[in-house]
A.B. asks: 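Just dropping this structure here.
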Amino acid sequence: MPEPPHFRRILILWAALSIIATPIVVLVWAPGLPPGNGSNVASGQVTDNAVLLGVVTPIAALMIVFFTYALIVFRRRDGGPEEGLAIRDHRGIQTTWLAATSVIVLLLAAYGTIRLFDEGAGGGQGPDPVAKPSGSVLPVQVIAQQWEFTFRYPTFGGVETPHLALPVDRNIALHVTSLDVIHSFWAHDLGVKADANPGVDNVAYVRPSEVRSFSIRCAELCGLFHGHMFDTGEVMSDGSFLAWIHRAQVAFGPGTGALPKFRSHYNPAPHRRAG
Amino acid sequence: MNTERTARSPLRGLIGFNVVSGILLGIVGFYFGWWLGHQIHFTNYEYVADTGQNDIALFLAYLFFVVGFLGGLGFLRYPLARMTGREPSHHENEEGGIRRYFGLCTDHKVIGLQYLLGIGIFFFIGGVNAMLIRAELLRPSPQLFGAGNYLTIVSLHGAMMMGIMTSGVLGPFANYFVPLMIGAKRMAFPRIESLTFWLLMAAGAILTSAVFFGGLPTGWTGYGPLNVQANMGMDSYIIFFILVGVSMTLLGLNLIATIVTMRAPGLTWGRLPIFCWGALSTSGLMVLAAPVLAAVLLMVGLDRTAQTSFFQTASGGSPYLYENLFWFFGHPEVYVLALPGFGIILELVPVFARKPLWGYRLAVAGMLGVALLSFFVWQHHLFVSGINAALRPFYMLSTEVISVPTGFIFLCGMATLWRASIRYTVPMLFCLAWFFNFFIGGITGVFLSDTPSNVSTHGSFFVMAHFHYTIMGGLVFAFFAAIYYWVPKMTGLRFNEALAKVHFWAMFIAFNSTFAPLFAAGLLGMPRRVSTYASSLQPINIWVSVSAFVLGLSMLVFLANVLYSLVIARKPAEPNPWDSKSLEWQVPTPVPVHNFDKVPVIDSEPYDYGTPPPPPRPAKAPAAAPG
Amino acid sequence: MVKLPGRGRQESSADGPLDEPPEVHERNLWLGARVIAGTTIMFFAAFVFAYFYLHSLNNSNLWRPAGVDPPQRYGVAIVLLLVASAGALAYASWAARENRGWLAAAGTALVLGLAGCLVQVFEYANLHFSPTDGGYASVFIGWTTLFVVFVILTMYWVEVLFAEGVRNRGADEATVPPGLADAAFYWGLLAGIGVLSWAILYLL
Ligand code: HEA
Ligand code: HEA
Ligand code: CUA
Ligand SMILES: [Cu+2]
């Protein structure tokens, strides 16, 4: 009995599965994935994930088709040959695989870099950001300490508030810093994450795109009550934001006066085991 | 296993250098160090010295514990004798039945079995911690443990697994089989080989003892400055990882020397079994990465005792220093967990596919490539930390490039299945599951390495699911493949096949059902290391916890099998049950103390399976099939 | 000659089961010393990195406040002792190869190396800054302490070789303990790291 054309069959099955699955994954499934469309950077991440999924789906399809086929067709059968076919190598396959995987990862890295330079993709960029939004930016300082976040608005007299509110459709620069150990400011619905390091001004940009509330969590282990370091922030229309910040200035202005002056970061006393 | 009984009374057997005297002297050493630490009074240390938070005392206690433990095991005799000019020797306690297993023994086969049991114990402890984690996460608010205890459990689970399981494959299987595979009579440095094992055991005990000193809140990563603020349990973690680092370095040193210098005549580099290549590349990582871990943890130790400020921003240090150095070790570390698995998979698949390993050179290149690249990717753990943000594209690229050599391993494994005659034995099932699991783990790693995507997933359960797929799904599945494949050789006994199959299917299904949903939990915003999470995520977590308990039960099936097959039934295994052509199956069982009476000479390629392919057909359409 | 069923055959070799050619042990030591050299380099690379990293960050302007200067004389004394010791061991290794007496040189190396460690201890007693004084002080303390630990471990090796030499002295001066050349190599490398440490910590 001549050997059936395994290779061609696998190629055909693979092509078929990829052609069916990839559009479904990219167009139907991916757009609904978190973090959603709460901000420009969140939407950017959704697009990014969709592209990654689009590349990965055919690879996964290849794995599924190959293994399903091989495990069924190349199994040992009763009365069949005991041994497999002693092939040790195939130049063409090796070169093709090497070339294909290399090209894929290079393209992925290039695409990721492009997305990253789109305003920093919501990640903390350290004190000297390379990817900035154009136009005016509202600075907001996020101060993390064990175990709460507070927020300072330097353009509103440096007032410090216990909750975060942001105006919609405005470029915001979040200046994240810490007063003690490392924390991480994570606004999942806005696609923002930036570590809060003592003595460091870690900047992340975001432009919220809808009026909504969003969750804030600490995403770096910071000790005992790390799990309790969460809060809800609000994205507001411009008008409500101004009203809110004025109320905050009235309520917290006096307290703010007693605080250290606004700085890009603060240098609290070191942790010492000994006094 | 050699179970000859000596005529002496069992009590007499306890006297001498063995694990009992090791533990006793260790305890004496502990209290001596503790006492000594309280005698020390440095200026500006008084405050700590009197509060029961005396870190110097605890460090000294652990130090003398280790010295006492090793001394009691008899490790100091030889080095001291050497100081008086005694000739070097390579053999100690190699005769003497079962007692060899409870002390210093230079027979690499004894050490392999010691490792298997020792690693198994700590893996079990780590697994029990995992079960406690899952029990706590059944509800979105703290229920079983307070926040501090939860963190301690997570940290102990992570550190135990990452520290002990780094030697999980190499310890038992490389120590046992590398000399057999390369036709050597011993490992290069047999005493050091034994030392690596007992150091690891001391380390595991020390880490576990953290619960008596307030636990630790830092996770397995131990970031500063939290690591300076933390309780004394942090000191246990520091000593634990330093000892693990030393043990890893010595294990790597030993394997490198053995594989490079002690191969039998005719065993050229191109004929070395692929598992040895896996061991060799892993060893390279271990000897170069572990010292950095030791260095950075010694800095933490100094911050905690001598009041230096390596990680204190406010007095000239930086937490970034810790993050950089830790991950410079930490990333190679994760490949230390992966590469031995690669070796096992590619070693076993040819046996059960009845085919030569396809693309031997490519597989070797893949392993060496992974090992080399892993030193250039560490900042992918720090994409949102604010460190060198401008370098992120480089780290994204270097990380993604690792997919290419890893892909070689996949290609070689897949092509080895091509036109094979696959036998679905239990070890083979574990190997095939490895491909499934590791693919998912690896591909999600590619998502994590994409910086924009990482912004949302960093610090979430997505990362956690990624690395359990690569480690539990990769390393641990390969570990069990190795157990089912090799333990019949190591013990001369056969596993119960039916129980083994139950174990496999329960473990495979429960594993996937545990960790796959966690990708979703991570994407939906569930942070790591918290016992308080959004209540909307509770259904996923209940599902995961229940699956995890089933996973734990599947492990009990394995233990039951061990108990039944190796202790109760004791059916002898065939000398070569898998029909393997590798050298380790050609020696008698139990393997004689010095392995080979005569030096073997290797005169053929490895993986000499299969029927030769038919001669190429006379020129017709270009052959489409590979092979 | 026995043909194994698998991939090899067992050849009758002249020597019995336990004997092995002495080169095996020597090659192991040779390679082992090189591998440990790599480990050592990586270990101290962590401190080199710490030095330059904290220096460049200069957090809170406390990298190196004025007055945090190590006593230069001690530094010079330590580094000279260590280099001399490594030189003596290198000479011993050379002499042994040339079939000359090497024992005295090895003993000198041991004494000089231990003296270097002792001077280091005296230096700590005479420091004008404490570990709390910023980044440089931390790196200085950590680096030098751990360096001394490495030196002491190396001196253990030298002592073992020396003791073996002493024991064999009467018999035959020509018997050289295996590993002398490798110890000389390793100690040379470590002393080199010592010179580098000195240059970075005292001169920069
Ligand atoms: C065995 C352990 C192991 C292995 C092998 C890997 C493999 C990989 N890991 Fe993973 N990783 C961990 C263990 C491991 N990881 C751990 C423990 C952590 C978390 C530590 C902590 O924070 O506590 C972590 C975290 C981690 C992060 C940081 C996440 C974060 O905290 O933000 C990143 C980011 O880049 C990452 C990426 C990768 C990549 C790209 C690979 C690649 O090597 C994967 C390559 C494999 C494949 C891609 C599949 C097979 C390839 C093919 C079939 C070829 C074709 C494919 C393509 C062309 C794409 N890992
Ligand atoms: C080797 C690595 C390894 C392995 C195998 C596992 C295995 C498991 N892990 Fe682990 N895990 C980590 C490494 C590992 N983990 C790390 C590094 C972290 C991060 C810690 C941190 O954040 O700092 C982590 C964190 C982590 C968390 C997150 C906690 C949090 O962030 O809040 C969770 C939660 O579900 C979890 C669960 C599990 C489960 C259910 C298993 C199950 O697969 C376990 C099943 C195993 C058993 C039940 C044991 C059975 C053993 C035997 C029967 C003995 C066998 C005997 C012989 C071989 C002789 N792990
Ligand atoms: Cu703050 Cu975690
Ligand atoms: Cu990594």
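The model shown is predicted, which means the values in this text are computed figures rather than measured ones. Residue numbers begin at 1 in each chain, while the letters A, B, ... track the order of the sequences.
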A.B. asks: For B/Thr457, which atoms come within 4.5 Å of any heavy atom of chain A: side chain, backbone, both, or neither?
C.D. replies: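 When you check distances to chain A, only backbone atoms of B/Thr457 fall under 4.5 Å.
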A.B. asks: A/Pro31: what forms a side chain to side chain contact (heavy atoms under 4.5 Å, CB included) with it, not counting sequence neighbours?
C.D. replies: none
A.B. asks: Mind ranking A/Gly199, A/Ser184, A/Cys222 by heavy-atom pairs under 4.5 Å with chain B and telling me who comes out on top?
C.D. replies: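 Result: the option with the highest number of such pairs is A/Cys222.
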A.B. asks: Go through the atoms of B/Phe435 and report whether side chain, backbone, both or neither lie under 4.5 Å from a heavy atom of chain A.
C.D. replies: side chain
A.B. asks: Nearest 0.5 Å please: distance from the CZ atom of B/Arg419 over to the CD1 atom of A/Ile87.
C.D. replies: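 Reported to 0.5 Å precision, the distance equals 7.0 Å.
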A.B. asks: Is it the backbone or the side chain of B/Ile443 that comes under 4.5 Å from a heavy atom of chain A, or both, or neither?
C.D. replies: side chain
A.B. asks: Check each atom of B/Gln312 against the heavy atoms of chain A and say whether the ones under 4.5 Å are side chain, backbone, both or neither.
C.D. replies: side chain
A.B. asks: With sequence neighbours excluded, what pairs up with A/Phe66 under the ring pair (Phe, Tyr, Trp, His ring centres under 6.0 Å) test?
C.D. replies: none
A.B. asks: Select, from A/Val192, A/Asp128, A/Leu53, the one with the greatest count of heavy-atom pairs under 4.5 Å involving chain B.
C.D. replies: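 Greatest number of close heavy-atom pairs with chain B: A/Leu53.
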A.B. asks: Once rounded to the nearest 0.5 Å, what's the spacing between atom CG of A/Leu116 and atom OG of B/Ser453?
C.D. replies: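 So the CG of A/Leu116 and the OG of B/Ser453 are separated by 12.0 Å.
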A.B. asks: If I measure from the heavy atoms of chain A, does B/Thr218 come under 4.5 Å with its side chain, its backbone, both, or neither?
C.D. replies: backbone
A.B. asks: With a 4.5 angstrom heavy-atom cut-off, could you sort out which part of B/Arg528 is near chain A: side chain, backbone, both or neither?
C.D. replies: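 The backbone, not the side chain.
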A.B. asks: Roughly how far, to the nearest 0.5 Å, is CG of A/Asp195 from OH of B/Tyr223?
C.D. replies: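 The OH atom of B/Tyr223 sits 7.5 Å away from the CG atom of A/Asp195.
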A.B. asks: Top residue by heavy-atom pair count (under 4.5 Å) with chain B, among A/Ala60, A/Ala204, A/Gly120, A/Ala110?
C.D. replies: A/Ala60
A.B. asks: Does a side-chain N-to-carboxylate-O contact under 4.0 Å join B/Lys355 and A/Glu83?
C.D. replies: no
A.B. asks: Could you tell me which residues in residues 42-49 of chain A have at least one non-hydrogen atom under 4.5 Å from a non-hydrogen atom of chain B, sorted by residue number?
C.D. replies: A/Gln45, A/Asp48, A/Asn49
A.B. asks: Among A/Arg115, A/Glu82, A/Arg91, who wins on heavy-atom pairs under 4.5 Å with chain B?
C.D. replies: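 Greatest number of close heavy-atom pairs with chain B: A/Glu82.
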A.B. asks: Taking side chain to side chain contact (heavy atoms under 4.5 Å, CB included) as the definition, give me every residue that meets it alongside B/Ala433, ordered by chain and number, with sequence neighbours left out.
C.D. replies: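 Here the qualifying residues are B/Asn437, B/Phe477, B/Phe504, B/Phe508.
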A.B. asks: In terms of heavy-atom proximity below 4.5 Å to chain B, should A/Tyr69 be classed as side chain, backbone, both, or neither?
C.D. replies: neither
A.B. asks: Distance check, rounded to the nearest 0.5 Å: A/Arg88 atom CZ versus B/Tyr360 atom OH?
C.D. replies: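 It is 10.0 Å, given to the nearest 0.5 Å.
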A.B. asks: Please classify the contact of B/Pro225 with chain A as side chain, backbone, both or neither, using a heavy-atom distance under 4.5 Å.
C.D. replies: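 Looking at B/Pro225, backbone and side chain both touch chain A.
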A.B. asks: Please classify the contact of B/Leu417 with chain A as side chain, backbone, both or neither, using a heavy-atom distance under 4.5 Å.
C.D. replies: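 Both parts, backbone and side chain.
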A.B. asks: Could you tell me which portion of B/Tyr150 (side chain, backbone, both or neither) has an atom closer than 4.5 angstrom to a non-hydrogen atom of chain A?
C.D. replies: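 When you check distances to chain A, no heavy atom of B/Tyr150 falls under 4.5 Å.
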A.B. asks: Using a cut-off of under 4.5 Å on heavy-atom pairs, state which of A/Ser102, A/Ala121, A/Ala109, A/Pro35 scores highest against chain B.
C.D. replies: A/Ala109
A.B. asks: Pick one of side chain, backbone, both or neither for B/Phe439, based on which atoms fall under 4.5 Å of a heavy atom in chain A.
C.D. replies: side chain
A.B. asks: Given a strict heavy-atom distance threshold of 4.5 Å, which part of B/Phe436 is in contact with chain A: side chain, backbone, both, or neither?
C.D. replies: neither
A.B. asks: Need one label for A/Pro198: side chain, backbone, both or neither, based on atoms under 4.5 Å from any heavy atom in chain B.
C.D. replies: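 Contact with chain B is through both the backbone and side chain of A/Pro198.
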A.B. asks: Measuring heavy-atom distances to chain A, does B/Leu216 have an atom under 4.5 Å in its side chain, in its backbone, in both, or in neither?
C.D. replies: neither
A.B. asks: Under a 4.5 Å heavy-atom cut-off, does chain A meet the side chain of B/Ala520, its backbone, both or neither?
C.D. replies: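 Answer is neither: B/Ala520 stays 4.5 Å or more from chain A.
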A.B. asks: From A/Phe225 CZ over to B/Leu151 CG, what is the distance, rounded to the nearest 0.5 angstrom?
C.D. replies: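 Nearest 0.5 Å value for the CZ-CG distance: 10.0 Å.
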A.B. asks: Does any heavy atom of chain A fall under 4.5 Å from the side chain of B/Met428, the backbone, both, or neither of them?
C.D. replies: neither
